[in-house]
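As structure tokens, the structure follows; a few thoughts come after it.
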Amino acid sequence: MFYDLASSSWGDEEIQALRRVIDGGQLTIGDSVRHFEEEFARKFGVRHALMVSSGSAANLVGVAALFYKKDRPLRRGDEVIVPSISWATTYYPLQQYGLRLRFVDVELESLNMDVAQLERALTPRTRMVVAVSILGNPAALDQIRAFCDGHHLYLFEDNCESMGATLHGRPCGTFGDINTFSSFFSHHISTMEGGVLATNDTELYHLARSIRAHGWTRDLPADSEIFEKRSDDFFEAYRFILPGYNARPLELSGAVGVEQLKKLDGMLEVRRRNAALFQSLFAGDERFVIQRERPGASSSWFSFTVILNPAFDIDRRDVMRAMKDADIGYRIITGGCFLRHDVIRYFDYDTSGEIVNANIAHDRGFFVGNHPRDLTPQIERVHQVLDRAAVGRRRSVVSV
Ligand SMILES: Cc1ncc(COP(=O)(O)O)c(C=O)c1O
């Protein structure tokens, strides 16, 4: 394909790392995963990083951990404020643990939660906000953190799309009580499948560590405050304290992750150079709304979003056809507006205010990929194709 949505970020180093693990014979979780976790925590400046089998698993383990905290645990029926655009598995653990979701709209230009709506979304049952930085672009995490602190709410930061992004110099994925990352193939680093839960809270870390592996105590330090170690080793070896999962990563993923982390900064630099070209080509063209960073934010540019401005009479189908003919990959922005999916029927939820922008992004938006290599010819081609295909007059009345 001339311009695909994603490509491999691996080189010889990753293949050699895989080979070392295979030759060593320890394929299940071991020293490579531990090494990756240490490097990850160091790189992002968090106290604890826990590698799991996917970003989705990180979200599941993270939500579960909050239900078993000693003080102020989440409880079924508690409310959580969520943005209307995110990936499905941002929301699923919330539903699976009996939480009630309050959806708020996103900003059209950042595609992140509109923080101006937070105060109105608050009810006496609100216990948590889930913040998501969409496709590399930092949400207003400082404001959301302040809102949560002001109202004694947990902040759950799903940073699965935005590894390497920063807000006022602070890495996204460090603002939450729990923060999650994905290292799935198309993301900023790839460990094939994989994810990380990051937290500065040692109790949450120990809960998550136990929940990651069957809810047992075996991976916990003897002085952990979430259980009291007894003297009988026979029973301690198989002692279950929490309803957990098996969400452990493979040792192969940990080993590849170590190599990928070393390359992350370089790959981000290339992604940002591609983004600068994309922005310069589309700047000032009112037909297209492209993703914009808030002041102080530095996106890690997962991809390039385009929303066909509803003020213009442009048919997305014409544009998509032209993209297909030009051999350019495209797809819906993240998962579109989550409220538009059939699965919503299983949720206990409501909306706070009107959901306008998430629906515009759903109906008139798409993204093309960004890769950790120079995409100058591809981005120039996208610009030419869109410029030609997006034909339409400015509407006198905009109805969405
Ligand atoms: C916002 C968000 N959360 C969670 C996930 C899940 O990550 P994974 O694919 O590693 O399960 C994704 C996946 O892309 C995502 O975009």
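Every number for a ligand or one of its atoms is a count from 1 in the order of the listing. In this chain, residues are counted from 1 in sequence order.
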Can you pull the residues with any heavy atom under 4.0 Å from ligand 1?
Ser54, Gly55, Ser56, Asn59, Ser86, Trp87, Thr89, Thr90, Val132, Asp158, Cys160, Glu161, Ser182, Phe184, His187, Gly194

Student check: side-chain heavy atoms of Asn159 and Ser133 closer than 4.5 Å:
yes

Which atom pairs, donor and acceptor, lie under 3.5 Å between side-chain atoms of residues 61-70 and protein residues at least two apart or in another chain?
{"residue": "Lys69", "atom": "NZ", "partner": "Asp201", "partner atom": "OD2", "Å": "3.2"}
{"residue": "Lys69", "atom": "NZ", "partner": "Glu203", "partner atom": "OE1", "Å": "3.2"}
{"residue": "Lys70", "atom": "NZ", "partner": "Glu225", "partner atom": "O", "Å": "2.8"}

Output the rest of the hydrophobic cluster of Phe185: all Ile, Leu, Val, Met, Phe, Trp and Tyr residues reachable through side-chain heavy-atom contacts under 4.5 Å, sorted by chain and number.
Phe184

Can you list, by chain and residue number, the hydrophobic cluster partners of Phe147 when the side-chain cut-off is 4.5 Å?
Ile81, Val104, Met113, Val115, Leu118, Leu122, Val129, Leu141, Ile144, Leu153, Leu155, Leu167, Phe175

Check Arg381 with Asp327, please: is the shortest side-chain N to carboxylate O separation under 4.0 Å?
no

Please test Phe338 against Phe347 for ring-ring contact (aromatic ring centres under 6.0 Å, His included), starting from the C-alpha separation and ending with a verdict.
CA-CA 11 Å; Phe338 187 68; Phe347 281 70; 5.4 Å; yes

